[in-house]
Each structure stands twice: as C-alpha cells, then as structure tokens.
Amino acid sequence: QVQLVESGGGLVQAGGSLSLSCAASGRTFSSYAMGWFRQAPGKDREFVATIRWSTITYYAYSVKGRFTLSRDNDKNTVYLQMNSLKPEERAVYYCASSRSGGTRREDYSEWGQGTQVTVAS
C-alpha cells in the first residue's frame with residue numbers, strides 16, 4: 001500500500017500561481033500513474049490531471065495550458081504547477097495513485113488527505 005502526502009496549498013490572488021507536491025512512500029512509485037483531483041465545497045470531486053509511468057500527461061480541459069504536472073521518480077514525488085488561478089478553483093486538491101491513470105475517481109486506489117487551495121478575487 002502506498003502513502004501519499006500533499007503539500008504546497010495556500011492562499012493566492014486570482015491570476016497567481018501555486019505549486020503542489022505529492023510525496024509517495026510504501027511501494028514502487030515509478031510504475032504507477034499519479035493523478036490530481038479537486039473538490040470544491042458542495043461539489044463532487046473532479047479530475048484535474050494525471051501522469052502515467054511513461055510521463056504521458058492528461059489534463060482536464062478547464063486547466064489545460066495553465067497547469068503542468070510532472071514527476072520525479074527518484075524522489076517519489078509529483079508536482080502540480082498551477083498558473084493563472086481563478087477564484088472558482090478554490091478547492092481541496094487531492095493526490096491519488098492508479099495503475100491505469102484514468103480520469104475517473106474509481107481509477108484511483110490510494111488517496112492523500114488533500115491540501116487546501118484558496119484563490120482570492
């Protein structure tokens with residue numbers, strides 16, 4: 001079983017940037033896809049981005065061009081760089097691991113505790 005710990009959340013002004021990290025431990029990291037989801041108050045958890053073991057990335061349409069997902073297999077860590085943030089992107093951001101790297105919640109078997117991102121208007 002893998003343990004995932006997110007960090008890097010916080011408060012940023014609209015149009016600003018934040019970088020989230022997710023550190024994994026407990027099993028071989030490099031062979032798993034790693035994804036990010038977010039959940040705003042009163043809304044369902046939604047897909048943000050995923051990166052497969054091959055480093056191929058997929059992004060939700062709403063973040064494409066503004067967010068960049070990368071991984072460092074030597075450090076067992078994935079990074080989500082978020083630029084041009086919008087107030088409506090205020091949410092708890094979750095890191096998760098998957099064998100397939102899909103876009104659905106059920107594609108992911110382990111989840112971190114989440115990190116809060118607040119975007120002030």
Side-chain angles (χ1 to χ4, degrees):
Q1 190 171 0
V2 67
Q3 291 77 45
L4 304 174
V5 178
E6 303 96 335
S7 61
L11 172 64
V12 64
Q13 294 293 318
S17 300
L18 275 177
S19 181
L20 305 183
S21 299
C22 174
S25 62
R27 68 165 180 227
T28 303
F29 173 79
S30 60
S31 59
Y32 282 78
M34 299 296 295
W36 285 91
F37 287 72
R38 64 189 179 191
Q39 188 164 17
K43 295 188 176 182
D44 291 336
R45 193 169 299 187
E46 65 173 2
F47 170 76
V48 175
T50 190
I51 184 166
R52 295 184 174 174
W53 64 270
S54 60
T55 71
I56 293 174
T57 53
Y58 297 93
Y59 298 92
Y61 179 81
S62 61
V63 308
K64 201 168 186 179
R66 298 185 297 117
F67 289 16
T68 302
L69 181 57
S70 61
R71 67 189 299 161
D72 185 335
N73 290 335
D74 291 336
K75 295 182 178 180
N76 288 359
T77 302
V78 292
Y79 305 96
L80 182 67
Q81 176 65 39
M82 307 185 294
N83 298 329
S84 302
L85 282 161
K86 305 174 182 179
E88 57 265 34
E89 295 182 305
R90 172 191 174 223
V92 177
Y93 283 69
Y94 296 90
C95 173
S97 68
S98 166
R99 288 188 175 272
S100 64
T103 62
R104 306 172 304 167
R105 284 186 66 173
E106 53 266 37
D107 293 331
Y108 293 78
S109 52
E110 285 93 12
W111 295 80
Q113 293 301 304
T115 185
Q116 177 71 50
V117 171
T118 301
V119 185
S121 58

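Only heavy atoms go into these numbers, but all of them, side chains included; no hydrogens, no water, no symmetry mates.
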Check whether more than 12 heavy atoms from other residues, nucleotides or ligands sit under 6.0 Å from atom CH2 of W53, and answer yes or no.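 Open.
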More than 12 heavy atoms of other groups within 6.0 Å of Q113 CD: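 Open: at most 12 neighbouring heavy atoms sit under 6.0 Å from CD of Q113.
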Got a sec, which residues hit salt bridge (Lys or Arg N to Asp or Glu O under 4.0 Å) with D72, two or more places apart in sequence or on another chain?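 With sequence neighbours excluded, D72 shows a salt bridge (Lys or Arg N to Asp or Glu O under 4.0 Å) to no residue whatsoever.
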When rounded to the nearest 0.5 angstrom, what distance separates [atom1] in [X] from [atom2] in [Y]?
X	Y	atom1	atom2	result
F37	T50	CZ	OG1	7.0 Å
K43	R38	NZ	CZ	9.0 Å
R105	E46	CZ	CD	11.5 Å

Sequence neighbours excluded - salt bridge (Lys or Arg N to Asp or Glu O under 4.0 Å) pairs with any residue from residues 47-71: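 Sorted result for residues 47-71: R66-E89.
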Which disulfide bond (SG atoms under 2.5 Å apart) pairs, counting each pair once, include a residue from residues 23-66, with sequence neighbours left out?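 Disulfide bond (SG atoms under 2.5 Å apart) check on residues 23-66 returns no pairs.
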Does any pair with a residue in residues 6-85 pass disulfide bond (SG atoms under 2.5 Å apart), and if so which ones, sequence neighbours excluded?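 As it turns out, the disulfide bond (SG atoms under 2.5 Å apart) pairs with a partner in residues 6-85, which skip direct neighbours, are C22-C95.
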Non-hydrogen atoms of [X] and [Y] that approach each other most closely:
X	Y	value
A33	S100	CB-C, 4.2 Å
Q116	A91	NE2-O, 3.3 Å
S19	Q81	CB-OE1, 3.4 Å
S121	A14	CA-CB, 4.3 Å
T77	S21	CG2-CB, 4.3 Å

Could you list the cluster mates of V12? Members are the ILVMFWY residues connected by side-chain heavy atoms closer than 4.5 Å, either directly or through other members.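 Listed partners: V2, L4, L18, L20, F29, M34, W36, V48, I51, Y59, V63, F67, L69, V78, L80, M82, L85, Y93, V117, V119.
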Supply the members, apart from V5, of the Ile/Leu/Val/Met/Phe/Trp/Tyr cluster built from side-chain contacts under 4.5 Å; use none for a lone residue.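 V5 clusters with nothing; isolated.
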Report yes or no: does T118 contribute a side-chain atom to a donor-acceptor pair with the main-chain N or O of L11 at less than 3.5 Å?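 Between the backbone of L11 and the side chain of T118 there is no qualifying donor-acceptor contact (under 3.5 Å).
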Do the side chain of S98 and the main chain of D107 share a donor and acceptor less than 3.5 angstrom apart?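 The answer is yes, because a donor-acceptor pair under 3.5 Å joins these two groups.
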Near-ring test Y108/Y94, centroid separation under 6.0 angstrom: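 Judged by ring-centre distance (under 6.0 Å), Y94 and Y108 do not meet the cut-off.
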Walk me through whether S109 and S97 qualify under side-chain contact (heavy atoms from CB on, under 4.5 Å). CA-CA 6 Å; S109 52; S97 68; 4.2 Å; yes
